[in-house]
Amino acid sequence: RGKPKRKANMAAATAAAVADDGGASSNSGSSWSVSHPNIAQQTPAQQAAAAEAEALGCCRACTLRTAGVIDTAAYNALAHTIPDAEGADEAGAAPATTVCPLCGGILQEGVSWASAVAVAKAVAERDYKSPSFAVQVTTPLSLVTREHAFWVYLKLKNSTLFGEKPAFVQTKEAVRWMFDSLLAAATKSSLRHRSEFTVHITFNHADLDKDLAVLAQLDPATFKPRKQRKSSSSSSASNVGLPNIQRCLKSTVDSKFKRFFRVPPVSPASSCPPPEATCFHNSVHIAGRYCKYSRDMSQTPWFIQGERKGLGSVQEHVSDLMKEVVKCSEAKLCAAGREDIDVRMLGKGRPFVLELIDPHRPSFGIAKMLEIQNTINTSSKHIKITNLQRVSARAANRLKDGEETKVKTYSCVVWLSRDVPDDEAERVLREHKDLKLQQTTPLRVLHRRSLATRERSVYGMRHQRLKPHFWRLWLTTQAGTYIKEFVHGDLGRTTPNLGSLFDCEADILCLDVEVTQSGRLVANTCVFATPQIRHACLILAPP
């Protein structure tokens, strides 16, 4: 359709809309569609469609829709007049005498200053703080059948002129064009089509929904009831969806359609009730690195049969304070890998991203971020957070990129049943650089991972003798290598293993992650308030 010209015909559209009754009544004059400047610029078929819509008692917004008018100024002019700051009476809007047969009153009483105030009140009650908002609109699916019935009516009137289905403007588009300015004034916020904060407006109409039940009679094969899940509380369900409705209407001949639906469509028994409003803010992503010094703390909360395992989790230590700051109810931690509960995370730490879902207070500065980081670090001796910063969703998605190609360094204390001399140990470890392993899914994780044999690489090893039979072993491996299983062999499910290399039994006593070389989250991909803050902020990836 291209971008509509908002200002081109604003004066003329406003004059035409507010004439006689302020633009809200259905059919106060038969010449309205003929004299409207936007309709006069349309094709003969579109002008004839608008005249028929007006004759059927359609509202003026639907008359514009049937003519294919996409000038937002024309629809804005039909919206009810906004009262002034002193609370002057609402002007110009006489109530509609008949309910529009095409929109069911959505573009009459549904789009009004009173509805905008109700939506603004609902948004205020949810206590979001955002300088701007975007609008999403959901309208009843049955409007598609009413528009199709109107097109069938047009074809019966003149099959030559209306051979092809005209391009009607969707009801939800007209709602946005008429409602935007009202909502912006009622909420005292600016409207942006790409805002992080979204107000979702839903129009429900019980009388219009009755049309959907007729679809099951029109096409029983497409709209047959679906099998109910045991957990579902709904008493009935069918495959009613926009694609199926459009497919059904396209394949149904007009004579059959007329047996099930009124042609032309008639006004519903009642007008559209006020819309319902829900709100949602896009997730905020906080990135950083964490070190874990406890051997009794998991990365995420771990419960078995309702019983907590360990002292807590890294996610809870980081997210509890963040959730309080941004006023969100849920947070998810995604890290570049995962260590077991009894494994420490040392060195510069493991990169992570914390997703804060639907935050009500999404904006805060770098000073607050540093305060949060210091508070987390002083609240527990078991973890340490560094380089905490806000990143974009795109940068957060890069955390898992190249997971199988990352390199990690571990250190562990191992026991060998044979007291291997140092010279033999150095020779064997030196000979087995770039060692290829075949690791079948370990028994300890088989309950949550699929059974498969995976090839992993050990790039290098070195040892330090602690006392007879006990070593400290350093390994540099491919990410995803099961270190514990490489040491003890997991009953032969990992080959080769440390025990087989020295022809003895081996076991692991403790394990630490020392270095994790992960994907870089650099400042160029992060979201900062000013270039100075961006320049001063530390990046996640170490040099």
Side-chain angles (χ1 to χ4, degrees), residues 283-304 307-357 359 364 366-391 395-396 399-400 403 406 408-413 474 479-480 483-484 508-521 526 537-543:
S283 296
V284 169
H285 297 86
I286 306 297
R289 285 177 174 263
Y290 76 83
C291 294
K292 179 168 76 76
Y293 304 122
S294 171
R295 297 195 186 276
D296 195 23
M297 178 180 289
S298 56
Q299 186 185 87
T300 55
W302 186 18
F303 293 88
I304 298 180
E307 181 180 352
R308 176 186 287 277
K309 297 298 180 180
L311 299 174
S313 67
V314 174
Q315 174 177 312
E316 290 169 311
H317 277 76
V318 177
S319 66
D320 285 352
L321 183 57
M322 292 298 306
K323 289 194 296 184
E324 182 180 345
V325 171
V326 303
K327 305 298 181 183
C328 73
S329 58
E330 185 179 0
K332 295 180 180 179
L333 185 138
C334 177
R338 174 188 294 269
E339 70 279 346
D340 294 336
I341 188 173
D342 59 347
V343 176
R344 296 187 301 177
M345 180 66 233
L346 307 178
K348 294 182 179 294
R350 186 186 297 277
F352 73 89
V353 170
L354 184 69
E355 181 185 4
L356 302 169
I357 300 173
F364 50 90
I366 190 171
K368 186 65 175 179
M369 189 77 75
L370 294 176
E371 178 185 340
I372 295 172
Q373 178 175 298
N374 293 333
T375 303
I376 294 173
N377 291 338
T378 56
S379 64
S380 174
K381 64 180 181 180
H382 301 302
I383 67 168
K384 179 183 178 182
I385 305 299
T386 58
N387 306 137
L388 204 62
Q389 58 187 270
R390 182 171 177 174
V391 299
L399 191 67
K400 289 292 184 180
E403 182 67 35
K406 296 173 186 176
K408 297 184 179 180
T409 299
Y410 302 86
S411 68
C412 55
V413 177
W474 286 269
I483 304 301
K484 296 177 180 178
I508 186 168
L509 280 70
C510 59
L511 175 64
D512 295 328
V513 184
E514 294 200 345
V515 178
T516 170
Q517 299 178 9
S518 61
R520 297 175 63 88
L521 286 175
C526 300
C537 189
L538 295 174
I539 62 175
L540 287 180

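What you see is a predicted model; the values in this text were computed from it and never measured. Just the heavy atoms: all of them, side chains too, but no hydrogens, waters or symmetry mates, feed the values below.
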Original post:
Any idea which heavy atoms bring Ser294 and Leu311 closest together, and the distance?
Top reply: OG-CD1, 3.8 Å
Original post:
Between atom CE of Met369 and atom CD1 of Ile286, what is the distance when rounded to the nearest 0.5 Å?
Top reply: 4.0 Å
May I have the list of side-chain donor-acceptor pairs in residues 321-336 shorter than 3.5 Å, sequence neighbours left out?
none

Original post:
How long is the gap from CD on Gln389 to CG on Leu370, to the nearest 0.5 Å?
Top reply: 10.5 Å
**OP:** Just jot down the side chain to side chain contact (heavy atoms under 4.5 Å, CB included) partners of Val413, sequence neighbours excluded, or say none.
**Re:** Leu466, Leu509, Cys510
Original post:
Who passes salt bridge (Lys or Arg N to Asp or Glu O under 4.0 Å) against Glu355, sequence neighbours left out?
Top reply: none
**OP:** Give the minimum heavy-atom separation between Ile372 and Leu388, together with the two atoms involved.
**Re:** CG2-CD2, 4.2 Å
**OP:** Name all residues meeting the salt bridge (Lys or Arg N to Asp or Glu O under 4.0 Å) criterion together with Asp342; count only those two or more places apart in sequence or in a different chain, and write none if there are none.
**Re:** Lys484
**OP:** Using side chain to side chain donor-acceptor pair (under 3.5 Å) as the criterion, list what pairs up with Gln299, not counting sequence neighbours.
**Re:** Tyr290
**OP:** Mind checking the CG-CG spacing from Asp512 to Leu346? Nearest 0.5 Å is all I need.
**Re:** 4.5 Å
**OP:** Output every pair passing salt bridge (charged side-chain N to carboxylate O under 4.0 Å, His left out) with a member in residues 368-388, not counting sequence neighbours, ordered by first then second residue.
**Re:** Lys368-Glu371
Subject >> Heavy-atom closest contact (Lys348 atom, Thr386 atom, distance) >> reply: O-OG1, 4.1 Å
**OP:** With sequence neighbours left out, write down each residue that passes side chain to side chain donor-acceptor pair (under 3.5 Å) with Thr300, or none if nothing qualifies.
**Re:** Arg338
Original post:
Can you name the residues that form a side chain to side chain contact (heavy atoms under 4.5 Å, CB included) with His317, not counting sequence neighbours?
Top reply: Met297, Ser380, Ile383
